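Report on the following structure.
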Protein chains: 2
Amino acid sequence: MADINFANAPSDAAEARPAAPREGDLRWDIIELLFFAYRDFVADPDHELEAFGFGRAHHRVMHFVHRYPGLKVADLLDVLRITKQSLGRVLKQLLDEGYILQKTGNNDRRQRLLYATPKGEALVAKLAGLQTKRINQALADMGPAGAETVKHFLRAMIDRDDPDKVLEAIFAAGTASTKE
Amino acid sequence: MADINFANAPSDAAEARPAAPREGDLRWDIIELLFFAYRDFVADPDHELEAFGFGRAHHRVMHFVHRYPGLKVADLLDVLRITKQSLGRVLKQLLDEGYILQKTGNNDRRQRLLYATPKGEALVAKLAGLQTKRINQALADMGPAGAETVKHFLRAMIDRDDPDKVLEAIFAAGTASTKE
DNA sequence: AATTTATGTCAGCCATATTGACGTATCTTG
DNA sequence: CAAGATACGTCAATATGGCTGACATAAATT
């Protein structure tokens, strides 16, 4: 139980090590790191959300509604890439429990513009706090330039074709601040 | 349809913009970028896997079995953080369809050590190719130092406490090559 | 007046996750 | 050797969160 071998003995050990970064070809290491990093990154909020009877979907909705106040339901669907029915369930919960409120659009009264209530703001800030702590810790021993490199990388990982409105905003901001 | 406003008119537009990076406190931007980056990062393989009748879980199993040949079932459970029952189904499929094979452990014959077959290697390489393409593109305009910064960041995002065996291997390799 | 759009909702299906219990082979230990 | 622990597999029941398809309503557009 205390050894690091994946198999369990010298005879197996040779082939039980990481496949070695001999391939200059494929980015196995980064693929793997992204998996673990994201796994742990969402684990913090997930744990917290359990206490509320919410899931990851609720967090995503709260996050984007907070970040883009007045977001339309249709925009939210584009961003989350889920169906109206799936969104409907979580959105209804968040409305019923007072985390989000809807306002009828001024110009187009069919629209329901979404806003986070103070209660919703509190929740989303709490969750962002957990994730921020992890991010700050990860950025700790690399200066502001390092943080910019990371942001640049993440932005470049995102599909540019057919961006939804939230992404347009991000890229617009990103372009302006790429060298900031 | 061509405007960037989230709401739809001047009267709403003011509050329908990104909440502004005024907060020096919380890392909203990186939180969001991680969401989108990961979303698109897994979308490529997900799409490909559909053709095989496989899901994301199959990909993960194939990836780790490929990377750490001779992995035990118990180790896989630790890494994926799912239950034996859930793993059982996807593993059975992969075994039945010839993507993975089991060998009884030499020393402990209770163990079933997992290996990717050539067929499995082909699949996992194909999927890694898609993800590598995206990663290389994202790293394109930043030198090797940039790639190291990114790796450093991702490693630092991962929980250190209670690492499973795969993570131990990653951190061991990472420590050695942090300045490589 | 007819059509399209934005939203909501009902009904049912599927994939993937869960917990709990149990069985079997095998290793370890008293 | 007998007893217990371990590695793995599997059965059953359940929950969550996606999905499709169909349909309804209100409001905008043509």
Side-chain angles (χ1 to χ4, degrees), chain A residues 1-3 5-9 12 39 42-43 46-47 49-50 52-61 65 70-96 100-114 164-165, chain B residues 1 5-9 12 39 42-43 46-47 49-50 52-61 65 70-96 100-114 164-165:
Chain A
M1 205 50 157
D3 70 315
N5 294 333
F6 287 83
N8 49 7
D12 291 323
R39 182 190 70 173
V42 294
D46 278 0
H47 182 72
L49 286 158
E50 273 183 33
F52 295 80
F54 289 161
R56 200 173 297 174
H58 298 84
H59 183 194
R60 289 173 174 171
V61 170
V65 169
L71 202 61
K72 291 184 293 181
V73 171
D75 292 328
L76 202 43
L77 290 175
D78 283 346
V79 174
L80 300 180
R81 303 251 173 108
I82 58 177
T83 57
K84 193 171 36 165
Q85 295 81 348
S86 296
L87 176 59
R89 272 185 311 222
V90 317
L91 191 52
K92 190 172 193 313
Q93 269 185 279
L94 293 170
L95 288 165
D96 289 348
I100 286 181
L101 63 82
Q102 292 182 329
K103 287 188 198 172
T104 299
N106 291 333
N107 315 282
D108 187 334
R109 301 190 38 224
R110 293 170 303 180
Q111 299 175 345
R112 307 296 156 83
L113 309 183
L114 303 172
D164 48 64
K165 298 195 174 184
Chain B
M1 205 51 158
N5 294 332
F6 288 83
N8 50 8
D12 291 322
R39 182 190 71 174
V42 294
D46 278 1
H47 183 72
L49 285 158
E50 273 183 33
F52 295 79
F54 290 160
R56 201 172 296 175
H58 299 82
H59 184 194
R60 288 173 176 172
V61 170
V65 168
L71 202 61
K72 291 185 293 180
V73 171
D75 292 327
L76 203 42
L77 289 174
D78 283 345
V79 174
L80 300 181
R81 303 249 175 107
I82 59 177
T83 58
K84 196 170 35 166
Q85 293 79 352
S86 295
L87 175 60
R89 269 184 320 224
V90 318
L91 191 53
K92 190 172 194 311
Q93 271 185 279
L94 292 170
L95 288 165
D96 288 349
I100 285 182
L101 62 83
Q102 290 182 330
K103 285 189 199 172
T104 298
N106 289 334
N107 315 282
D108 187 336
R109 299 191 38 225
R110 291 171 304 183
Q111 299 175 344
R112 306 297 156 82
L113 310 183
L114 304 173
D164 48 63
K165 299 194 173 182

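Treat the numbers as computed from the prediction; the structure is a model and nothing was measured. Every chain is numbered from 1 and lettered A, B, ... according to where its sequence line falls, protein lines coming before strand lines.
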- request: Considering just the side-chain nitrogens and oxygens of A/Thr83, establish if one lies under 4.0 Å of OP1 or OP2 belonging to D/dG18.
  value: no

statement: Comparing nearest nucleotides in DNA chain D, the 5'-proximal residue of the pair A/Arg109, A/Val90 is A/Val90

Identify all side-chain donor-acceptor contacts of residues 76-87 of chain A below 3.5 Å with residues at least two apart in sequence or on another chain.
from, atom 1, to, atom 2, distance (Å)
A/Thr83, OG1, A/Ser86, N, 3.4
A/Thr83, OG1, A/Ser86, OG, 3.2

- prompt: D/dG9 base to B/Lys92 side chain: any donor-acceptor pair below 3.5 Å?
  reply: no

- line: So CG of A/Asp46 and CZ of A/Arg39: to nearest 0.5 Å the spacing works out to 12.0 Å

- prompt: B/Lys72 has an atom NZ; how far is it from atom P of C/dC27, in whole Å?
  reply: 13 Å

message: Rounded to the nearest 0.5 Å, what separates atom CZ in B/Arg112 from atom CG in B/Leu101?
response: 13.0 Å

- line: Heavy-atom nearest pair, B/Ala57 first then B/Val90, reads CB-CG1, 4.0 Å

- request: Report the residue (A/His58 or A/Lys84) whose heavy-atom-nearest nucleotide on DNA chain D is the more 5′ of the two.
  value: A/His58

- prompt: C/dT7 C1' sits how many Å from A/Leu114 CG, rounded?
  reply: 11 Å

task: Test side-chain contact (heavy atoms from CB on, under 4.5 Å) on B/Gln102 and B/Leu114 and set out the steps.
output: CA-CA 5 Å; B/Gln102 290 182 330; B/Leu114 304 173; 3.6 Å; yes

- prompt: CG of B/Asp96 versus C1' of D/dT10: gap in Å, rounded?
  reply: 14 Å

field: Length of the CD1-P vector between B/Ile82 and D/dG17, whole Å
entry: 17 Å

message: Nearest 0.5 angstrom please: B/Leu94 CG to B/Arg89 CZ, how far?
response: 12.5 Å

Atom pairs under 3.5 Å, N or O on each side, protein against nucleotides 28-30 of chain C: can you list them with distances?
none

message: Check this one for me: any side-chain N or O of A/Ser86 less than 4.0 Å away from OP1 or OP2 of D/dG17?
response: no

query: Can you name the closest pair of heavy atoms from A/Arg109 and A/Thr104 and give their distance?
result: O-CG2, 3.2 Å

- prompt: B/His59 NE2 to C/dA15 C1': how many Å, rounded?
  reply: 18 Å

message: What is the separation between atom CG on B/Asp46 and atom P on D/dG18, rounded to the nearest whole Å?
response: 13 Å

Heavy-atom side-chain contact between B/Lys72 and B/Leu113 under 4.5 Å: yes

message: Expressed as a whole number of angstroms, how long is the span from A/Arg112:CZ to C/dA6:P?
response: 13 Å

task: Figure out the CG/C1' separation between A/Leu77 and C/dT9, and round it to whole Å.
output: 14 Å

What pairs of nitrogen or oxygen atoms, one from the protein and one from nucleotides 12-16 of chain D, lie under 3.5 Å apart?
none

